[in-house]
Amino acid sequence: MNVFDIIGPIMIGPSSSHTAGAVRLGRVANKVLNQEAPKEVMVELSGSFAKTYRGHGTDRALLAGIMGYHSYSEEIRDIFSIADKAGITYRFVPTQIPGSHPNTARIHVKGVNGTPVVVQGASIGGGIRVDSINGMAVDFNGEHNTILVPHYDRPGVIAEVTNIMWQKYKDVNIGNFKLSRPVKGGIAMMTIEIDGMPPEGMIEDIRTVKNVTNVFLIRSI
């Protein structure tokens, strides 16, 4: 148990699930944009999110996270005005996502350069669970630094990525590894949770592996 289990996270807003967790979900989408500023935002809200998002500030929290703010950022209160001034369009659509956690959001973002990002996850008491990114299943909670490696499903890609980490960055400890492969031979996703921050150069080295299409670092949030 840590201090946040006792007193909850530092945050702007009335609810850890509906505010702090929502900011963190939005920040995952921000990270997957890979430093590209958001331009268009549409968020599908399911379960209790769909019923109470205005009253609990979930809409403001999600948008703030997508724009890169933290759960303690004062800007959350005025995030709609800030987004309007930045030329960001946004809308929130209550829906039902079958089989999902009650506090689920499916975040659709288009960056200023046209990059599309879709993140689905749930807010759980201020923590989060991320279920899918760009249509591929993932499973992480943001408590550890997480490396996402989308790649073409080809023999040797996983071995080359993990060998780079072992041979060049021996101090890195992998705490968890998952692979999502919707279709054999298609695009797959490695989810690698590590202890501590990745050393300088490691992300860039992984990105050079043949058949790796990109690498995203989701810092612990």
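Counting from 1, the numbers follow the sequence of the chain as shown.
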Can you tell me how far apart CD (Glu193) and CD1 (Ile147) are? Round to the nearest 0.5 Å.
10.5 Å
Would you please say whether a donor-acceptor pair under 3.5 Å links the side chains of Glu40 and His108?
no
Linking I/L/V/M/F/W/Y whenever any side-chain heavy atoms sit under 4.5 Å apart, do Tyr169 and Val209 land together?
yes
Just to verify, what does Ala50 make a side chain to side chain contact (heavy atoms under 4.5 Å, CB included) with, not counting sequence neighbours?
Leu45, Pro94
Heavy atoms of Leu148 and Phe140 approach each other most closely as CD2-CE2, 4.0 Å
Would Lys168 pass as a cation-pi partner of Trp166, given that its NZ or CZ must be under 6.0 Å from the six-membered ring centre and within 45 degrees of the axis?
no
Sorted by chain and number, sequence neighbours left out, side-chain hydrogen bond (donor to acceptor under 3.5 Å, both in side chains) with Asp78 holds for none
Work out which heavy atom in Ile97 is nearest to a heavy atom in Ser100; give both atom names and the distance.
O-OG, 2.6 Å
Taken to the nearest 0.5 Å, the spacing of Ile88 CD1 from Ile66 CD1 works out to 9.0 Å
Taking atom OG1 of Thr19 and atom OH of Tyr53, what is their separation to the nearest 0.5 Å?
14.5 Å
Is it the case that the side chain of Asp153 and the backbone of Gly186 share a donor-acceptor pair, with hydrogens and angles ignored and the cut-off at 3.5 Å?
no
Sequence-distant partners of Phe92, ring pair (Phe, Tyr, Trp, His ring centres under 6.0 Å), two or more places apart
none
